Visitor: 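Once you've had a glance at the structure underneath, I'll fire off some questions.
Indexing begins at 1, ligand by ligand and atom by atom, following the structure's order. Side chains are part of it too, since the values below use all heavy atoms of this structure and drop only hydrogens, waters and symmetry mates. Since this is a predicted model, take the numbers as computed values, not measurements. Position 1 is the first residue of the sequence; numbering continues from there.
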Amino acid sequence: MRLIILGPPGAGKGTQAARLAERLGVPQLSTGDMLRAAVTKGSPVGLAARDLIARGELVGDDIVVNCVLGRIAEPGAASGFILDGFPRTLGQARAFDQALEKAHLGLDAVLELKVVESVLLDRIIYRAREAKAAGLPVRADDNPEALKVRLEAYRTQTQPLADYYRTAGLLRTVNGLRPVDEVTSSLFAELRLQPRTADLGSLG
Ligand code: ADP
């Protein structure tokens with residue numbers, strides 16, 4: 001299956017994408033993770049992206065589109081993928097559609113996690129605190145200032161993608177405010193997948 005998961009920062013995309021990827025046996029492709037790995041490595045992509053990420057701004061379309069196309073051309077993605085954090089602009093979505101068409105591939109669904117903005121700051125602060133307590137590095141952009149910029153980028157540049165994919169008949173919207181396992185169950189139901197006990201984190 002070829003899927004996209006859409007939602008604002010802190011909506012739980014990463015957690016849900018990991019569960020779907022596991023269940024479907026396809027890779028979870030997170031552009032945020034790819035870019036952070038590039039920053040850590042100090043590659044040209046990382047150098048171009050580092051300050052933008054820390055400020056909460058979007059990295060250029062060409063850079064991320066190339067990263068994603070490279071990854072989906074790898075053998076691991078032959079049976080599908082779940083994209084987490086991409087596309088984030090209409091330019092990225094259109095470029096991606098063109099590339100898929102050229103490869104005679106199509107998307108199966110675009111899953112949207114719907115949440116109200118007021119919970120996002122709390123979730124991100126919680127995530128930063130948890131990471132720190134576990135001795136893990138705190139993301140450079142998990143602070144109120146960068147989050148404001150990330151939310152603004154989401155609102156103005158990414159939110160319009162819901163309409164874009166609705167028009168294409170691909171959008172499936174799920175309420176992301178409920179407990180994690182319930183969100184997973186709803187996503188599985190949208191894809192007509194039977195949930196297994198091991199798919200739900202708190203049980204498995
Ligand atoms: P979140 O969705 O929690 O804000 P991500 O890990 O998906 O975080 O992305 C972190 C940052 O990486 C973004 O704020 C942006 O700077 C950059 N980034 C990730 N994906 C993209 C993309 N598709 N286009 C542009 N920038 C991106």
Visitor: Between Asp97 and Tyr164, do the side chains contain a donor N or O and an acceptor N or O under 3.5 Å apart?
Guide: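 Checked: Tyr164/Asp97 side chains pair up, N/O donor to acceptor below 3.5 Å.
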Visitor: Can you name the residues that form a side chain to side chain contact (heavy atoms under 4.5 Å, CB included) with Leu177, not counting sequence neighbours?
Guide: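 Side chain to side chain contact (heavy atoms under 4.5 Å, CB included) list for Leu177, sorted by chain: Val115, Val116, Val119, Arg123, Asn175.
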Visitor: Report, one line per pair, each donor and acceptor closer than 3.5 Å where one atom sits in a side chain of residues 52-70; sequence neighbours left out.
Guide:
{"from": "Arg55", "atom 1": "NE", "to": "Glu57", "atom 2": "OE2", "distance (Å)": "2.8"}
{"from": "Asp61", "atom 1": "OD1", "to": "Thr89", "atom 2": "OG1", "distance (Å)": "3.0"}
{"from": "Asp61", "atom 1": "OD1", "to": "Gln92", "atom 2": "NE2", "distance (Å)": "3.0"}
{"from": "Asp61", "atom 1": "OD2", "to": "Thr89", "atom 2": "OG1", "distance (Å)": "3.2"}
{"from": "Asn66", "atom 1": "ND2", "to": "Asp62", "atom 2": "O", "distance (Å)": "3.2"}

Visitor: Using modelled atom types and a 3.5 Å cut-off, is there a donor and acceptor pairing between side-chain atoms of Arg23 and backbone atoms of Phe188?
Guide: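 Here the side-chain-to-backbone pair does not exist.
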Visitor: Is any NZ, NE, NH1 or NH2 atom of the basic residue among Arg19 and Glu22 found under 4.0 Å from an Asp or Glu carboxylate oxygen of the other?
Guide: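 No, no charged N to carboxylate O under 4.0 Å.
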Visitor: Output the set of protein residues with a heavy-atom contact under 4.0 Å to ligand 1, ordered first by chain identifier and then by residue number.
Guide: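 The 4.0 Å shell around ligand 1 contains Pro9, Lys13, Thr31, Gly32, Leu35, Arg36, Ile53, Glu57, Leu58, Val59, Val64, Gly85, Phe86, Arg88, Gln92, Arg127, Arg139, Asp141, Arg150.
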Visitor: Anything under 3.5 Å between a donor and an acceptor, one on a side chain of residues 5-18, the other on a protein residue two or more places apart or in another chain? List them.
Guide:
{"from": "Lys13", "atom 1": "NZ", "to": "Gly7", "atom 2": "O", "distance (Å)": "2.9"}
{"from": "Lys13", "atom 1": "NZ", "to": "Pro8", "atom 2": "O", "distance (Å)": "3.4"}
{"from": "Gln16", "atom 1": "OE1", "to": "Thr184", "atom 2": "N", "distance (Å)": "3.4"}
{"from": "Gln16", "atom 1": "OE1", "to": "Thr184", "atom 2": "OG1", "distance (Å)": "2.7"}
{"from": "Gln16", "atom 1": "NE2", "to": "Val180", "atom 2": "O", "distance (Å)": "3.1"}

